[in-house]
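All remarks here apply to the structure that follows.
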Amino acid sequence: MTEPESAGQPELSKTYSPEAVEGPTSRRWLDQDLFRADPASGKPRFSMALPPPNVTGSLHIGHALDHTFQDYLARMHRMRGFEVLWLPGMDHAGIATQNVVERELAKEGKTRFDLGREAFVERVWEWKAASGGRILGQMQRLGDSVDWSRERFTMDEGLSRAVRHVFVSLYEQGLLYRGQRIINWCPRCLTALSDIEVEHEEIPGELAHLRYPLADGSGQVEVATSRAETMLGDTAVAVHPEDPRYRDLIGRTVRLPLVDRDIPIVADEAVDRAFGTGAVKVTPAHDPNDYEIAQRHDLPAINVLTEEAIVNQHGGRFQGLDRYAAREAVKQAFAQLGLLGKVAVAPHAVGHCYRCHTEVEPRLSLQWFVATKPLAEEAMAAVRSDRTRFEPARYEKTFFGWMESIRDWCVSRQLWWGHRIPAWYCPDGHVTVARTDPDACAECGQGGLTQDEDVLDTWFSSALWPLSTLGWPDQSEDLAAFYPTSVLVTGYDIIFFWVARMLMFGCHFLPPTPFEVVAIHGMVRDAHGKKMSKSFGNVIDPIELMDRYGTDALRFALIRGANPGGDVPLAEEWVEGARNFANKLWHLGRFVLSTVPASALNTTPGTRVEGVAGAAPAGPAVAPGGDALADRWLRSRLERTRAAVSAAYDRYDPAEAARLLHAFAWSELADWAVELAKPRLAAGGEDARRAGVTLVHALDVTLKLLHPVMPFVTEELARALSGVETITLGPWPAERAGDLDADAETAMTDLQEVIAALRRFRAEHHVSPGSKPRCTIVPADQRQAALFAAEASSVRRLARLAEFTVAPPGTAPTGEPATKLLAAAAELYLPLAGLLDLDEERRRLERERVTLEAERDRATAKLANPDFVAKAPPPVVDKVRARLAEVDADLAKVAEQFGALGG
Ligand SMILES: [Zn+2]
Ligand SMILES: [Zn+2]
């Protein structure tokens, strides 16, 4: 069999240049269409839906982590022979996108109302075509191996049909209704918000006590409120039925000041007797708890604020004031009437709009709701029965906690950009909900229907993402091939927003589940664990980092910090360190290519891409073998690393895989294995070929194992090394259990320890690099004796020795002054004459002894002082004790070294 020569393989540049490699590699992958999934494939399936970034978005560091995490899964499965579908797309991002376009309009001095609904929505589509989707190019830059042929958008035709189908189906099933509820209202965005779109934040605030006179003039009731202006809409005062202070007032009437309305005093068990005075004002239109009290006592609800949170016509003379001005004005008016009690500072949590940070106003309004309880039951059942598993499992608790206390989901939004609610109203107010636009009322048959003005919450369509992107509600080929999806990767911050809702819709409409595993990762933080935010000035831009250090470096640094489910600290130095790792691999590749015999190359299987269909493994030409210790050891360590890396990847712990590969590639492969191989390669012949084969094999396997995390540098090196077109389609390095060799690993550990001890000695005593000591080793046993005799030349070379003599075990060399080192249970003797200036060495040891003794005396005195021992905190005392033990040990060492010098 003739072995191919390495002549045709690409030359590697002197240093690794990410910009020269990444773009062309990325283009080649796309040109060859390597990431397109085939639903008809006979391979096992692996599918993921990419969490759709907002159409307004650009790649931030959180995306970089999230996408790299998914990409490692996609690439690893592809290499392992799975048919992989990783489906990309974008979210229309209702409020966010509408805000962007409204801001553009504002620059032209216009509002959306000037354009009208139709023209405004058209304008948003124009904006999307022109500036939306910048993130898609950035995803290519990051190396996302998604199937671009299947890119979807939450507002495209198919997905819109799925949304409508779900809305109508839920309505028909009684799981979606229209009702009056107190909802969270943003007076700036002018829309309802769901509970989780509201961010609660402590504000200074105050609690004002207001006195309401009894209607018959016989006394007063005092209530406390942080929002005095809402008293304009009070329709009752409530007390606890068992509160002795107020028992006699129940059923009586107060005359509400400023608006002069008579309102009842009611008894309700929901009243907290400990809050304020124990009597509470009831404002059903502006407080969810008050609304519930009003339902129980049949009280009217009076809305006193406009949509912009300005007092309306029900606020009498306060009409036209915004809520904050009205708050002050109402207090002042109470003061003038002598009805203002104490006003105390009382910090409390207030909800803010998650988009624009305006204080949210609870508001009574007519909205559409999804009845979530039955859906949540189905979703929880899926997790309980392990149809869906959280990784790490601790996030199941978070999920259940939220699902168990879930409230109905307000899904209507007063926006124009989004899926318009498919509900029509006839002149008599009957509701028609339909899959196709109706001409007549479903109830009375009248024409002249008007469609609901509102659109659906953005999360309504994202909740359908894993189904709708595969073609559902149609029975598409993709759906049959790739549903349920295998894994959903996301940060813990949107378990509620998104994961829970996908599970609810997915389990209900297309059981058994939308995804089998939910892999949760943390948030990227700065090196000190602090949240990244513009106001802290610690935001890291992934694009800048890719420019500076290359994409692989950014990906590696992120993955290396991504401990399962935990937050991911990131500092620029670590990305720089990862860039150095890419360079180390590059230099390793160059060394191997330039030193191993051509006959040792092309030894490894890869994939030749001749049209993807014809992809076939090439080689192996030469199987890695050889009896040399260095070969046996490297193969064994490689196999152990391969197994541990594969296992870590499998348990969604790519951080551990990255650490193992870094340690193996850097220290064992690039340092030890290369150094051990150098003389063998230089000597040529059959042994050089064997050494070369082992190195090539180890490097090739390492590159393939690293490929899911660092796709660019590994692909480029692997191509140069084995002449394959790509490694991105695999094969994944196979198990080689026969390579495990515990004896070789033990032997190599002994060698490494001895060499390390000699190197340490040189460093500690500043032995010049040119001087070569002699060394005699007394091995611990016969096994070591044979080992050191066989590997003497390696030890001599790597520890820079003139001579390395192996004495029989159990003997002790006599004669000239020598220092004794211990390593791997063996004794090492180094004659000192000529190596060190003995007088200078004695002086140095003397100085060290004096310093150490002084420290010992200080520590001893401290510990002899009963005051110190009794009063200092125990950890401090322990520290002094520990230090004293160290000093004693160092003194013993100094004494031993004195002895070695002959006094
Ligand atoms: Zn807002
Ligand atoms: Zn009707």
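We count ligands from 1, going down the list as the structure has it; atoms in each ligand are counted the same way. Remember, it's a predicted structure, so these values are computed and weren't measured experimentally.
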Relative to [Y], does [X] satisfy both conditions: NZ or CZ under 6.0 angstrom from the six-membered ring centre, and within 45 degrees of the ring's axis?
X: Arg178; Y: Phe369; value: no
X: Lys531; Y: Phe536; value: no
X: Lys128; Y: Phe153; value: yes

**the Zn ion (ligand 2) to His430: nearest N/O/S atom name** =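 Atom name of the closest N, O or S in His430: ND1.
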**Message:** Quick check: do Pro542 and Leu142 have side-chain heavy atoms less than 4.5 Å from each other?
**Reply:**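 No, their side chains stay 4.5 Å or more apart.
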**Message:** Within rounding of 10°, what is the angle whose vertex is the Zn ion (ligand 2) and whose arms end at SG of Cys444 and SG of Cys426?
**Reply:**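 Value returned, to the nearest 10°, is 120°.
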**Request:** For the Zn ion (ligand 1), report each protein N, O or S atom nearer than 2.8 Å, sorted by chain and then by residue number.
**Result:**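 Protein N/O/S atoms under 2.8 Å of the Zn ion (ligand 1): Cys186 SG, Cys189 SG, Cys353 SG, Cys356 SG.
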**Request:** Sort and list the pairs that fulfil salt bridge (charged side-chain N to carboxylate O under 4.0 Å, His left out) and have at least one residue in residues 159-170, not counting sequence neighbours.
**Result:**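 Passing the test, one end in residues 159-170: Glu157-Arg161, Arg161-Asp474, Arg164-Asp437.
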**Item:** Matching residue for Thr154 among Ser461, Ser160, Ser468 - test: side chain to side chain contact (heavy atoms under 4.5 Å, CB included)
**Value:**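 Exactly one pass, corresponding to Ser461.
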**Asked** With distance as the sole test, does Glu443 use its side chain to make a donor-acceptor pair with the main-chain N or O of His430 at under 3.5 Å?
**Response**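 A pair under 3.5 Å: no.
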